[in-house]
Amino acid sequence: MISDPRHIHISDYNYPLPDERIAKFPIAKRDHSKLLVYQHGVVSEDVFYHLPKYLPKGALMVFNNTKVIQARMHFRKETGALIEVFLLEPADPSDYELMFQTTDHCAWYCLVGNLKKWKEGTLVRDIEIKGQAIRVSATRGPVHGTSHRIDFSWDGGVSFAEIIDAMGELPIPPYLNRETQESDKTTYQTVYSKIKGSVAAPTAGLHFTPEVLADLDAHGIEREELTLHVGAGTFKPVKSEEIEGHEMHTEYISVRRETIRKLIRHDGCAIAVGTTSVRTLESLYYMGLKVMVSPDLSEEQLHVQQWEPYNVNSEERIVNSVEALKALDNWMGNRGLEVLHSSTQIIIAPGYDYHIVKMLVTNFHQPQSTLLLLVSAFVKGDWHQIYDYALAHDFRFLSYGDSSLLIP
């Protein structure tokens, strides 16, 4: 039964996390991390490469194949002031794929560091790509929420993907309190990352290796990928006393029609790798409800608002996941769509009923975070037992930390 979580006090989701428990770097072999197994209320531990043996044969496991971009760009003014421009989401063109193919101009919504030193004028930086000198210019545009529109232009006919690969820096999480290193370019990407667009890694996936993926196949686990581009808002702390005051960031998703059909064939059930896969899968359910009520909606109108799941009326609530997914599949078929492009702001907190996700692979999250709320909702409030065990048994926390398999 869904209740309204708006009045949850975030302070009830606090726990002591000593700095030395935050993994600053990954372990040498990604699949040798520890695995906490929470199965029907009982906690045990293992190593990650044994994950497949805990999963039911024939199940569908869903991965987020987004790739982290080198979103942190630095420019130096003639005065010597260093300005950091942090790419958040594409403005023009707004489509991620088209954005990275542009060859002379584009615009992003960005966070700007040292903004007070950049009142006006154009920032310029000279770089070299394949032996060719390229001049990149950045011009500040209007404020957009907490960010600014920044227009980039350059010469030389190279793509924006090549520009950020040459001059950008991989944005590792702020809580690591260290500079990005060359090794992060490899270790802060999943081995199956493909679609550029995230400014943070879907870190539950960092433990997978080709060997573990092959073992999943050998165990009869079906694998499927979708894309949610992780925004910087994933690190945004909840500053309000009640979570009603916290605004979730919008994240962009793309899901193939074939993925939706696979979910239907698996009775609308999936094992999610990471909270980003969870938010995408659960959003699909609400998108399905929308098109059942209003078949003429556009892709953009399928956007799932933050509190939408808690505003659904009782007749809609009895719709099961297969019915909702079939409605979405039919809606795509009527439009000739093979890939669904939309967005979500969904907040999953205690009181939420999961529709599609039945098991979850995830890391250990920050105290008082929306990700911890998501986990608590999944394990019906039993997160203390899991985190107390992890703290007492030397588990490593956050992005480069250890993993857990949660089976409520």
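Nothing fancy with the numbering, it's 1 onward along the sequence.
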Worksheet item: Considering residues at least two apart in sequence or located in another chain, which fulfil the salt bridge (charged side-chain N to carboxylate O under 4.0 Å, His left out) criterion with E241?
Response: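 For E241 there are no salt bridge (charged side-chain N to carboxylate O under 4.0 Å, His left out) partners, ignoring immediate neighbours.
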
Worksheet item: Can you name the residues that form a salt bridge (charged side-chain N to carboxylate O under 4.0 Å, His left out) with K326, not counting sequence neighbours?
Response: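 Partners of K326 by the salt bridge (charged side-chain N to carboxylate O under 4.0 Å, His left out) criterion come out as none, since no residue qualifies.
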
Could you tell me whether the side chains of [X] and [Y] share a donor-acceptor contact shorter than 3.5 Å?
X	Y	result
Q368	Y15	no
S399	T203	no
Y400	N363	no
H246	E244	no
N64	S277	no
S343	H303	yes

Any donor-acceptor pair under 3.5 Å from [X] side chain to [Y] backbone:
X	Y	value
S240	E242	yes
Y188	L170	no
E224	K262	no
R257	M332	no
D184	Q181	yes
S294	L297	no

Salt bridge or not for [X] and [Y], using N-O below 4.0 Å?
X	Y	result
R261	D329	yes
R21	D19	no
E222	K57	no
E182	K185	yes

Worksheet item: Between E247 and K239, is a salt bridge (charged side-chain N to carboxylate O under 4.0 Å, His left out) present by the stated rule, with each step listed?
Response: CA-CA 10 Å; E247 189 186 353; K239 292 196 170 146; over 6 Å; no

Worksheet item: ring pair (Phe, Tyr, Trp, His ring centres under 6.0 Å): which pairs involve residues 161-185, sequence neighbours left out?
Response: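 Ring pair (Phe, Tyr, Trp, His ring centres under 6.0 Å) check on residues 161-185 returns Y175-F235.
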
What about the rings of [X] and [Y], do their centers lie closer together than 6.0 Å?
X	Y	answer
H355	Y286	yes
Y252	H341	no
F397	F395	no
F75	W118	no

Discussion item. My understanding is that only one of V319, L325, N320 makes a side chain to side chain contact (heavy atoms under 4.5 Å, CB included) with Y285; could you say which?
Written reply: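 Of all the options given, the one that passes is V319.
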
Worksheet entry | Passing candidate, side chain to side chain contact (heavy atoms under 4.5 Å, CB included) with L226, options L340, I195, T280, I253 |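 Single pass found, and it is T280.
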
Looking at every heavy atom in both [X] and [Y], which two are closest together, and how far apart are they?
X	Y	answer
L87	C110	CD2-SG, 3.8 Å
I164	M73	CG2-SD, 4.1 Å
C106	P93	CB-CD, 4.4 Å
L228	S198	O-OG, 3.8 Å
T146	L111	O-CD2, 3.7 Å

With sequence neighbours left out, what residues match [X] under ring pair (Phe, Tyr, Trp, His ring centres under 6.0 Å)?
X	value
H144	Y109
F63	Y192, F208
H393	Y389
W383	Y13, Y387

Fill in: Y49 six-ring centre to R30 NZ/CZ under 6.0 Å and within 45° of normal
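Not satisfied by the 6.0 Å and 45° rule.
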
Could you tell me whether the side chain of [Y] reaches within less than 4.5 Å of the side chain of [X], counting heavy atoms only?
X	Y	result
V278	Y354	yes
V158	I134	yes
I386	F364	yes

Worksheet entry | Which residues share a side-chain hydrogen bond (donor to acceptor under 3.5 Å, both in side chains) with D402, sequence neighbours left out |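 Once residues adjacent in sequence are excluded, D402 has no partner under the side-chain hydrogen bond (donor to acceptor under 3.5 Å, both in side chains) criterion.
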
Discussion item. Just to verify, what does E323 make a side-chain hydrogen bond (donor to acceptor under 3.5 Å, both in side chains) with, not counting sequence neighbours?
Written reply: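 Once residues adjacent in sequence are excluded, E323 has no partner under the side-chain hydrogen bond (donor to acceptor under 3.5 Å, both in side chains) criterion.
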
Just grab all the salt bridge (Lys or Arg N to Asp or Glu O under 4.0 Å) pairs involving [range], residues at least two apart or on different chains.
range	answer
residues 296-309	K290-E308
residues 190-219	D165-K196, K194-E225, D217-R223
residues 82-108	R72-E84

Item to complete: Determine, step by step, whether E45 and K34 satisfy the salt bridge (charged side-chain N to carboxylate O under 4.0 Å, His left out) criterion, reporting the C-alpha distance in whole Å, the side-chain angles of both residues, the deciding distance to 0.1 Å, and the verdict.
Response: CA-CA 7 Å; E45 67 176 91; K34 287 165 73 136; 3.5 Å; yes

Fill in: Point-to-point distance, once rounded to the nearest 0.5 Å, from CG of L372 to CG of D12
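So the CG of L372 and the CG of D12 are separated by 11.0 Å.
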
Item to complete: Look up atom NE2 in H105 and atom OG1 in T103, then write down how far apart they are to the nearest 0.5 Å.
Response: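 One gets 11.5 Å once the value is rounded to the nearest 0.5 Å.
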
